There are 2 protein chains.
Amino acid sequence: MGKSSTISKVAKLLNLNVETIRYYERRGLIDQPEKPLAGYREYPAQTIQRIQFIKRAKELGFTLDEIENLLRLGDTHCEDIQGIAEIKLNTIQSKITDLESLRTVLDNLIIQCRTNPDRTHCPIVESLLPESQDISN
Amino acid sequence: MGKSSTISKVAKLLNLNVETIRYYERRGLIDQPEKPLAGYREYPAQTIQRIQFIKRAKELGFTLDEIENLLRLGDTHCEDIQGIAEIKLNTIQSKITDLESLRTVLDNLIIQCRTNPDRTHCPIVESLLPESQDISN
DNA sequence: CTTGACTCTGTACCATGGTACGGACTTTAG
DNA sequence: CTAAAGTCCGTACCATGGTACAGAGTCAAG
């Protein structure tokens, strides 16, 4: 037992893979921490917080590139961060809209399947096939 | 002018990249068509339909692996296809739900930003930082 | 006939977000 | 003290869905 925060302890604490933490370091999202004990990474609370920041931002749907920006902006420039968040909100909204129309289409097709008496022709497959198409030229 | 359906004509017709069509062939989603004229692929209407099927299914949110399954099942086994579609519908639904809660969180944060008088502390950044955390083992 | 556009094959590369492994070293539990 | 478990670094590999060559051959318009 000890308060030493080695990479696997941090990984366990934050429910991440050890390799993932090293990957974030390689990617420049976190600095390499001091390595006092025979070259083993010793994570200060600040770095652990930063990793947790990354994790939460990822859960919010930000990409690692975007998170890099967020981290660079730090806790200044609230407006810039707000801007990034607004762009993100827009992309999330259009993803939702796309998925909803997708859901409608798929839902209708499944209903047609359920009421389909002819098991040898599937309404889904038929909907995917072109009606008829002029190919020439 | 001509009725010959070379790869670039098909690509243009379906608004796909030539390389994408060749990629589908490599991946086994379509057979290599006959190559009568000096080894040039000559696409029969059937294959063009199949490519269009792939394209539409992709627009419906199916992955290429899933599309491969759909194509293997052909136009028989309506129930099996219905099953795949239902699974897909569920994953779409949970994606929508996830994105919606994401949107709510982000939306609230942006509103906090707008009404934030202290430009040097960003509510978004603060929400991502841990309150306080016991690190020691 | 020439020249540009098209096609062929095969292989390498792109982004994204990691995961795995080899070989060496260190720490820790028993 | 020994053996297992953890760590190091560097590099290779994974899935996904393509995209981009290079180098050679072919077709079509003028």
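Proteins get letters first, then strands, A, B, ... in listed order; numbering begins at 1 in each. Only heavy atoms go into these numbers, but all of them, side chains included; no hydrogens, no water, no symmetry mates. Every value quoted in this text rests on a predicted model; they were computed, and no experiment measured them.
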For the pair made of CG in B/Leu64 and P in D/dA15, what is the distance, rounded to whole Å? 14 Å
Given A/Leu16, A/Ile48, A/Leu14, A/Ile54, the one that forms side-chain contact (heavy atoms from CB on, under 4.5 Å) with A/Ile21: A/Leu16
Using atom CG of B/Asn17 as one end and atom P of C/dT7 as the other, report the distance to the nearest whole Å. 12 Å
Is any side-chain nitrogen or oxygen of A/Thr63 closer than 4.0 Å to OP1 or OP2 of C/dT16? no
Could you tell me the separation between the CD1 atom of B/Ile51 and the OG1 atom of B/Thr20, rounded to the nearest 0.5 Å? 10.5 Å
Under 4.0 Å: is that the gap between some side-chain N or O of B/Ser8 and OP1 or OP2 of C/dA5? no
Salt-bridge criterion met for A/Asp80 and A/Arg72 (N-O under 4.0 Å): no
Interatomic distance where NZ belongs to B/Lys12 and C1' belongs to C/dC6 [whole Å]: 11 Å
Please give, in whole Å, the distance from C/dT19 C1' to A/Tyr24 OH? 13 Å
Salt bridge check: are B/Asp65 and B/Arg27 linked by an N-O gap of less than 4.0 Å? yes
Give a yes/no on whether any side-chain N or O of A/Lys58 is located under 4.0 angstrom from OP1 or OP2 of C/dG18. yes
Over how many whole Å does the gap from A/Leu29 atom CG to C/dT16 atom P extend? 13 Å
Below 4.0 angstrom from OP1 or OP2 of D/dT19, is there any side-chain N or O of B/Thr20? yes
Note: B/Arg114-A/Glu86 ion pair, threshold 4.0 Å (strictly below): yes
Rounded to whole Å, the CD1-P distance (A/Ile67 to C/dT16) equals 12 Å
Please give, in whole Å, the distance from C/dT27 C1' to A/Lys9 NZ? 11 Å
State which of D/dG18, D/dT16, C/dG18 makes the closest approach to the side chain of A/Tyr23. C/dG18
Quick one: on DNA chain D, does B/Arg27 or A/Thr6 contact a more 5' nucleotide (nearest heavy atom)? A/Thr6
Thinking salt bridges, do B/Arg41 and B/Glu34 make one under a 4.0 Å N-O criterion? no
Would you say B/Glu42's side chain and B/Ser5's backbone share a donor-acceptor pair under 3.5 angstrom? yes
Check the distance between C/dG18's P and A/Ile30's CD1 and give it to me in whole angstrom. 12 Å
B/S/- along nucleotides 8-13 of chain D (protein heavy atoms under 4.0 Å) is SBB---
